[in-house]
Amino acid sequence: MQKALEYYKLLVDGNFQESLENAARLQEYIKKYTARYHGYYVHTLYIPKMFTEEMLTYFNEIASVVYGILEKVIHEYQTNAEYRALFGFDKRLENLILRPNHYECALPIARVDIFFNEDDFSFKFCEFNTDGSSAMNEDKELNEAIKLTSTYKKFTEKYNVRTFELFNSWVKTFADIYKTYDRAVENPYIVITDFFNGDISREFTAFKKAFENNGFECEICEITDLKYDGSSLISPLGRKVDAVYRRAVTCDIMRNYNKVLPFIQAVENNDVCLIGDFKTQVVHNKVVFKVLHDEMTFAFLTDKEAEFVKEHIPYTAHLTAEEIEKHDVLNTKNKWVIKPEDSYASKGVYAGVEGMTDEEWKEKVMENTDNHYLLQEYCEPYATLNIDITHDKNAEYKKYSNITGMYLYGGKLAGLYSRIAKNSIISTQYSEMSLPTIIVSEK
């Protein structure tokens, strides 16, 4: 892969003026076609993220092992009251999770993010995203944009390149899961729902189109606009909903519980198939990183799975005065990250290494002690060279931190998502960017 990256750089440098023109074309495409994220256009660099077939095989192995572990954790939560207590969930949420399983797959969709070292294949997990897993459209559109450049076209003359299809493959997985639902119908009417607040991104319309291209009727709607008549969930268009592709994350649902009661009542009465169900919150909530290291978890894992957890799940604990003192957290800020137990899009995440003064770090730690926050071991991301000529014609090559997202559909690896940052923390509140992901091999 290093050879492939060096060759791409050679193509960029070999005709830099042409590369600048290509970058402008790439950026123009992004502005026209790529979905916005929270009102902002996707920010990317000029060189795509490359992985080899060997790496992809390794990612498949990681996906298989971690899915098996997370599936066992969900099952244990549902069947063991003592284990449930480790999570400390709200009683209303606990009741939703403990509803009977109405289809076979415990974790329909997830994006598992890892810090992957491309030199020695070592890695640490960053987080597990479940039903709200996103950015499929970013990868798709960024790969379309990069194809417009002559650099990419020249690269493909020497290298085989392939990408991932993340829309029709999800529809197939969704349909296969739905067939195992205990009240499945022949031609289900499907709703994709979230808290949109008037801003439906192209990603949702892309999924709607994929459902329709595969023979399903599908509607996108605000979760608060769903109605329940006592036997059926009714969409804003007046249609009986048979299956829901839930993009509304659980913490948002619980915060708006009274506003989504019709949705919740239909789910509780099994009058609609919910994909994914609330049990996915067991592994979406970041407290699972602490629970995975608990002896109660090791008791039901195989020896191989237990070693996997010890090696790849970073040390995680509740942010308490005891933990702060035990690890001298206030005076070793570069070793730690603090984050909310249940959040997304990196909201409220603070890393001591990320340009914080000692006083700022101490203030954030003390402010969030015993406040549903976690203390987690800081993991150094792997850095690779890239260049930002899509935004700055005078840009130079720099090292950027990497994080790799693995999409799991029905427990199997479906694709990859690549994010980078100028800083060592890769999050929307710092300098996060996305790259098109390609799998390369020599011709």
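Remember, predicted model here, so these are calculated numbers, not experimental data.
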*Asks:* Is the Phe59 ring parallel, tilted or perpendicular to the Phe116 ring (thresholds 30°, 60°)?
*Replies:* perpendicular
*Asks:* Determine the sole option in Glu138, Arg419, Lys49, Glu141 for which the side-chain hydrogen bond (donor to acceptor under 3.5 Å, both in side chains) test with Ser434 is passed.
*Replies:* Glu138
*Asks:* How about Tyr8 and Tyr159: are their ring centres within less than 6.0 Å of each other?
*Replies:* no
*Asks:* Quick one: are Val337 and Tyr350 in side-chain contact, heavy atoms under 4.5 Å?
*Replies:* no
*Asks:* Would Glu203 and Lys140 pass as an ion pair if we require N to O under 4.0 Å?
*Replies:* no
*Asks:* Over 60° means perpendicular and under 30° means parallel, so classify the ring planes of Phe89 and Tyr77, tilted if in between.
*Replies:* tilted
*Asks:* Which class fits the ring pair Tyr58 and Phe123: parallel under 30°, tilted 30 to 60°, perpendicular over 60°?
*Replies:* perpendicular
*Asks:* Check step by step if side-chain contact (heavy atoms from CB on, under 4.5 Å) holds for Asp131 and Arg247.
*Replies:* CA-CA 5 Å; Asp131 309 293; Arg247 288 290 295 260; over 6 Å; no
*Asks:* For salt bridge (Lys or Arg N to Asp or Glu O under 4.0 Å), just list the numbers for Arg162 and Glu53, CA-CA rounded to whole Å, side-chain angles, deciding distance to a tenth of an Å, and then say yes or no.
*Replies:* CA-CA 10 Å; Arg162 65 189 184 96; Glu53 294 288 349; 2.9 Å; yes
*Asks:* Quick check: closest heavy atoms across Glu212 and Lys208, and the distance to 0.1 Å?
*Replies:* OE2-NZ, 2.6 Å
*Asks:* Can you check whether Tyr373 and His318 have ring centres sitting under 6.0 Å from each other?
*Replies:* no
*Asks:* Quick one: sort the His43 and His391 rings into parallel, tilted or perpendicular, breaks at 30° and 60°.
*Replies:* tilted
*Asks:* Report yes or no: do Tyr181 and Glu104 form a side-chain donor-acceptor pair below 3.5 Å?
*Replies:* no
*Asks:* Going by the angle between their ring planes, with limits at 30° and 60°, are Phe155 and Tyr7 parallel, tilted or perpendicular?
*Replies:* tilted
*Asks:* Report yes if some heavy atom in the side chain of Lys209 is under 4.5 Å from a heavy atom in the side chain of Asn213; otherwise report no.
*Replies:* yes
*Asks:* Do you know which two heavy atoms are closest between Asn143 and Ile146, and how far apart they sit?
*Replies:* O-CG2, 3.3 Å
*Asks:* Specify the closest pair of heavy atoms between Phe121 and Met55, including all atoms of both residues, with the distance to one decimal.
*Replies:* CZ-CG, 3.6 Å
*Asks:* Could you check whether any side-chain heavy atom of Asn137 comes within less than 4.5 Å of a side-chain heavy atom of Phe204, counting everything from C-beta outward?
*Replies:* no
*Asks:* Just do the salt bridge (Lys or Arg N to Asp or Glu O under 4.0 Å) check on Lys72 and Glu305 with the steps written out, would you?
*Replies:* CA-CA 11 Å; Lys72 287 183 178 181; Glu305 288 170 337; 2.8 Å; yes
*Asks:* Verify whether the ring centers belonging to Tyr407 and Phe164 lie closer than 6.0 Å.
*Replies:* no
*Asks:* What is the ring orientation for Phe207 with Phe167, classed by angle as parallel under 30°, tilted 30 to 60°, or perpendicular over 60°?
*Replies:* tilted
*Asks:* Taking the six-membered ring of Phe298, is the NZ or CZ of Lys310 close enough (under 6.0 Å from the centre) and on axis enough (within 45°)?
*Replies:* yes
*Asks:* Angle between ring planes, Trp170 versus Tyr245, binned at 30° and 60°: parallel, tilted or perpendicular?
*Replies:* tilted
*Asks:* Do the non-hydrogen side-chain atoms of Asp388 and Thr390 ever get within less than 4.5 Å of each other?
*Replies:* yes
*Asks:* Looking only at non-hydrogen atoms, find the nearest pair between Ile313 and His293 and report the distance.
*Replies:* O-NE2, 2.8 Å
